Amino acid sequence: MLEIWQWVVLVFLVLLPFALMVDFWPHRDRLDAQGRSLPRDWRPPTTKVPEPDHH
């Protein structure tokens, strides 16, 4: 079984960096290897075709 100080070191050196890394992934831009933004294929939203009145 691990001692208390070993649990503290485990959490500090292993689990804490993984918890902090979650916030570092950008949700906005995707970058290439040189740090430039990747072009995105933005498709326009689809337009709904109006349904005929059935009265």
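Throughout, residue positions are numbered sequentially from 1 according to the sequence presented. What you are looking at is a predicted structure, and each value in this text was computed from that prediction instead of being measured.
- Partners of Q6 under the side-chain hydrogen bond (donor to acceptor under 3.5 Å, both in side chains) rule, at least two apart in sequence or in another chain, do not exist in this structure.
- With sequence neighbours excluded, the residues that form a side-chain contact (heavy atoms from CB on, under 4.5 Å) with F18 are V14, M21.
- Every side-chain contact (heavy atoms from CB on, under 4.5 Å) that V9 has, sequence neighbours left out, goes to W5, L13.
- Cluster annotation: M1 and V8 are assigned to distinct hydrophobic clusters (Ile/Leu/Val/Met/Phe/Trp/Tyr, side-chain heavy-atom contacts under 4.5 Å, transitive).
- Note on L15: it clusters hydrophobically with W7, by side-chain heavy-atom contacts below 4.5 Å among ILVMFWY residues.
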